[in-house]
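Lettering of chains follows the sequences in order, A, B, ..., and the numbering in each one begins at 1.
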4 protein chains.
Amino acid sequence: MTASPDPIQAQLIAARRKQILEAAVKVFAEKGFHQTTIKDIAREAGIAQGTIYNYFENKTALMLGIFDSMNETDRREESFTELASGDVREFMKAYLRHRLTLLRADNFEVFKVVLSEVMVNKELRELFQRNILEPTFAIAETYVQQWAAQHIARSVDLSLTMRAVSGMVLGLIVEYLIGDQVLQTKWDELPDFLTDFILDGLGVK
Amino acid sequence: MTASPDPIQAQLIAARRKQILEAAVKVFAEKGFHQTTIKDIAREAGIAQGTIYNYFENKTALMLGIFDSMNETDRREESFTELASGDVREFMKAYLRHRLTLLRADNFEVFKVVLSEVMVNKELRELFQRNILEPTFAIAETYVQQWAAQHIARSVDLSLTMRAVSGMVLGLIVEYLIGDQVLQTKWDELPDFLTDFILDGLGVK
Amino acid sequence: MTASPDPIQAQLIAARRKQILEAAVKVFAEKGFHQTTIKDIAREAGIAQGTIYNYFENKTALMLGIFDSMNETDRREESFTELASGDVREFMKAYLRHRLTLLRADNFEVFKVVLSEVMVNKELRELFQRNILEPTFAIAETYVQQWAAQHIARSVDLSLTMRAVSGMVLGLIVEYLIGDQVLQTKWDELPDFLTDFILDGLGVK
Amino acid sequence: MTASPDPIQAQLIAARRKQILEAAVKVFAEKGFHQTTIKDIAREAGIAQGTIYNYFENKTALMLGIFDSMNETDRREESFTELASGDVREFMKAYLRHRLTLLRADNFEVFKVVLSEVMVNKELRELFQRNILEPTFAIAETYVQQWAAQHIARSVDLSLTMRAVSGMVLGLIVEYLIGDQVLQTKWDELPDFLTDFILDGLGVK
DNA sequence: TATGAATGAGCATTCATTCAT
DNA sequence: CATGAATGAATGCTCATTCAT
């Protein structure tokens, strides 16, 4: 009747949700959202099809669940911003290493599914906008502002700068995921390379 | 029976294919690949469902057809490289203006569909790799090499540079398509802004 | 694009719809609406499941289609009212014979399904009300009024009388359908019996 | 193990059964048998789904339980036959008032569900026949026979008469339930009206 | 006994594809 | 070639029923 206040129940529910979401991520990443059947996910999770519907209203809700978990992951990892210590170059490197290298293992696969679906599904797109992109940029903005004041000489449009840098990271991940050989080979060089690129530019004659 | 040598026939066939592909692009862009039915496309093209199967083997072949037309478009537009005139800054601006502004109208929508599907469908991904990405980078590489020799002071990894720049463009388009308000507002400032960003970097103190 | 004006097409469509509806009526009558699957109907009609959906939006629409055909049947048969010739007793007998005997063969089965579902499904109930019951009573009322003026001595509430008589017919059909042995045996005596009952009453001492 | 001889246990069981049946009747009446889920009933009864299966073998058994309770109700109320006092007209009025007015509140709704399902489900139909209709008619018959001998002048087929009268009551209830406006407005006039109708007929000129 | 999570058979519906006209 | 009706495999989702706690 009332929202079950039983903490053990709640834990069980959370665990089962997690189990299902992890299975979903795995299969989605392999076959894509639309090619994946509920049966696939159930099999991967080792449960019955119907059980999934005890925890998620429908297939789309699984996607939303993945969003949420991305959100949490993000929030937990945002702590890396404390790196904002001293050296500009070191900080940039750390940021890029985090985004590009550390997250590669699990999250790139999630990323693939989410991005693919978000581009094409309006409802998801708006949720993604509101729940992930906007907050991320908003938090980043205030932080970057201080940072820029200390470290950047000429005045730049910060919101565009942020988008250029994050866009570059995003675009490189996409190219990586699409299968670009060069990127897959030299991926670990990126943090160093990009740091120079971003801070110094190409340096034309 | 034999490969139709009739040039008029060939033209008719090409025209019908084009008609169907344009309809497909339009509907795919609106609803995404999987949400779009053959009936939708037939309706948009003003023909019967069955007719589509006289020109394309199946739904996936429509996607491949779109690839091909992207390819042609690209090749035709690659002529812009002749701009490689003199001034570095002007050239970069022209390149970005081309990629970001001129192509925005029609192609972003195609882009959305193609990218979404490519991320998730292995067969398409490999085709995209082979037919679009690799040739594009290959052609670009030789050209950029000469360009760099003339204009860039310090030695850089060109293949990574190309990917950084194209990735940035790609990522920004994705962010634009996902609905980022800032980008949609300031989109026309990008060529100028990015030119400075790419050539000079952030210019840290 | 426009409503197909092709008369041959229209006939084919009407024929197929009829074929499907007849199959539906048959299976519904045997197993009831909810126990009947689309597959059952398709099998009975000798077509594929999907074909049904080319002619009816969904399972409920089959029910509505049955309504419509009842309507048409009714309208065609209402001509019997011309019997309103002279003799009261003969007329009443003819009416009852029509309702109870002539319609028994096919329509009782339809009736069973429709009534069962109408009692329980609000949407259908309202449609049934509006499209079948109300028009039937409305038409009958004007007619009965004249008839009553000529033949009935004491003044009675006509609308209640009509409902009493039609209700009696309805109730007897229901009892018949539910399996009452006595009614099934003596069904053919009903027109005569009811005529006396309605016109003369029980005739208490 | 053994048939629980514990009278307190038995009371508890009976109470729980009653609680469940009442919930079932309520929800069935609102949504119909097939639209109602066990979960609905459990929620209405304020118990868990599984508990229902401790008292009823399956969903159909709930329907049978409702039959039984109708039976008991009927038997208890049959005592009204004692009214069979003197005046024919008064008796008839009392009978109709009982059937039509007194039972209206709760029982019509039950009636709706039961009838709907009985028309369509063979197993239930036979049970209804055997357990409700036949006994009712059988009991009534002996009684009506005496009554008729005293009060009815001309000889009539009593079994048909009984069915005509009960059919009329049944049919009117159905019309009422289907939503006939006239009946819903004038329902309370029915006992008087029908008494005259049944005893005197229409009285044709 | 009471619970409610887990189950999986069952079903309505969709849609890519075929093919007779 | 064009058509669009017919097809039926495939799938998301529901819900009666079971059973471990």
Side-chain angles (χ1 to χ4, degrees), chain A residues 4 6 8-9 12-13 16 20 34-43 45-62, chain B residues 4 9 12-13 16 20 34-43 45-62, chain C residues 4 6 8-9 12-13 16 20 34-43 45-62, chain D residues 4 9 12-13 16 20 34-43 45-62:
Chain A
S4 125
D6 183 343
I8 295 192
Q9 278 301 315
L12 286 179
I13 289 176
R16 188 47 64 98
I20 293 171
H34 291 281
Q35 280 69 13
T36 298
T37 68
I38 292 291
K39 206 171 192 167
D40 290 332
I41 299 173
R43 195 184 306 124
I47 58 177
Q49 297 179 53
T51 303
I52 293 180
Y53 288 89
N54 289 337
Y55 296 87
F56 296 91
E57 201 168 347
N58 51 38
K59 205 180 164 189
T60 303
L62 286 169
Chain B
S4 121
Q9 279 300 315
L12 285 178
I13 290 176
R16 184 52 61 99
I20 293 170
H34 291 281
Q35 282 66 14
T36 298
T37 69
I38 293 290
K39 205 172 190 169
D40 290 332
I41 300 173
R43 195 183 306 123
I47 60 178
Q49 297 179 59
T51 304
I52 292 180
Y53 286 85
N54 289 333
Y55 297 88
F56 296 90
E57 197 173 350
N58 52 38
K59 203 179 165 189
T60 304
L62 286 168
Chain C
S4 125
D6 183 344
I8 295 191
Q9 278 302 315
L12 285 178
I13 289 175
R16 187 49 61 99
I20 293 170
H34 291 280
Q35 281 68 12
T36 298
T37 69
I38 293 291
K39 207 170 191 168
D40 290 333
I41 299 174
R43 195 183 306 124
I47 59 177
Q49 297 179 56
T51 304
I52 293 179
Y53 288 87
N54 290 336
Y55 296 87
F56 296 90
E57 200 168 347
N58 51 39
K59 204 180 164 189
T60 303
L62 286 169
Chain D
S4 120
Q9 279 300 316
L12 284 179
I13 289 176
R16 187 49 61 97
I20 293 171
H34 291 281
Q35 281 68 12
T36 298
T37 69
I38 293 290
K39 204 171 191 170
D40 290 332
I41 299 172
R43 195 183 307 122
I47 60 178
Q49 297 178 58
T51 305
I52 292 179
Y53 286 86
N54 290 333
Y55 296 89
F56 295 90
E57 196 173 352
N58 52 36
K59 204 179 165 189
T60 304
L62 285 169

Inset, instruction - Drop me the distance from F56(C)'s CZ to I38(C)'s CD1, to the nearest 0.5 angstrom. - result: 10.0 Å
Inset, instruction - Could you tell me the separation between the NZ atom of K59(C) and the C1' atom of dT14(E), rounded to a whole number of Å? - result: 17 Å
Inset, instruction - Find the partner of dT14(F): check Watson-Crick (N1-N3 plus N6-O4 or O6-N4) and G-U wobble (N1-O2, O6-N3) distances, both under 3.5 Å, and reply none if neither fits. - result: dA9(E)
Legend entry - Validation row: I47(A), I41(A) side chains within 4.5 angstrom (heavy atoms): no
Inset, instruction - Whole angstrom is fine here: how far is it from CD in Q9(A) over to P in dA5(E)? - result: 6 Å
Inset, instruction - Measure from CG on L62(A) to P on dC13(F) and round the result to the nearest Å. - result: 9 Å
Inset, instruction - Both distances under 3.5 Å, Watson-Crick or G-U wobble: report the partner of dT21(E), or none. - result: dA2(F)
Legend entry - G50(B) or G46(A), whichever maps to the more 5' nucleotide of DNA chain E: G46(A)
Legend entry - Which residue lies more 5' along DNA chain F, comparing I38(A) with I47(C) via nearest heavy atoms: I47(C)
Legend entry - side-chain contact (heavy atoms from CB on, under 4.5 Å) partner of R16(A), the single match among N54(A), I52(A), T51(A): T51(A)
Inset, instruction - Measure from OH on Y55(C) to P on dA5(F) and round the result to the nearest Å. - result: 6 Å
Legend entry - Toward the 5' end of DNA chain E, by each residue's nearest nucleotide, H34(C) or T36(B): H34(C)
Legend entry - Close side-chain approach of H34(C) to Q35(D), heavy-atom, < 4.5 Å: yes
Legend entry - Euclidean distance, L62(D) CG relative to Y55(D) OH, rounded to 0.5 Å: 13.5 Å
Inset, instruction - Using a heavy-atom cut-off of under 4.0 Å over every strand shown, decide if T37(C) touches base, sugar-phosphate, or nothing. - result: sugar-phosphate
Inset, instruction - Could you tell me whether the phosphate oxygens of dT7(F), OP1 or OP2, come under 4.0 Å of any side-chain nitrogen or oxygen in T51(C)? - result: yes
Inset, instruction - Send over the distance from F56(B) CZ to dA2(F) C1', rounded to a whole Å. - result: 16 Å
Legend entry - Nucleotide dA5(E), atom P - distance to CD1 of I13(A) in whole Å: 6 Å
Inset, instruction - Using a 4.0 Å heavy-atom cut-off across all strands, classify T60(A) as base, sugar-phosphate, or nothing. - result: nothing
Inset, instruction - Would you kindly give the OH-to-P distance between Y53(B) and dA20(E), to the nearest whole Å? - result: 17 Å
Inset, instruction - Check the distance between dA9(F)'s P and K39(A)'s NZ and give it to me in whole angstrom. - result: 14 Å
Inset, instruction - Kindly say if N54(D) contacts the phosphate of dA2(E), meaning a side-chain N or O under 4.0 Å from OP1 or OP2. - result: yes
Legend entry - Candidates dA2(F), dT1(E), dT17(E) - which lies nearest the side chain of R16(B): dA2(F)
Legend entry - Minimum-distance nucleotide to Q49(A) side chain [options: dA6(F), dC13(F), dG12(F)]: dC13(F)
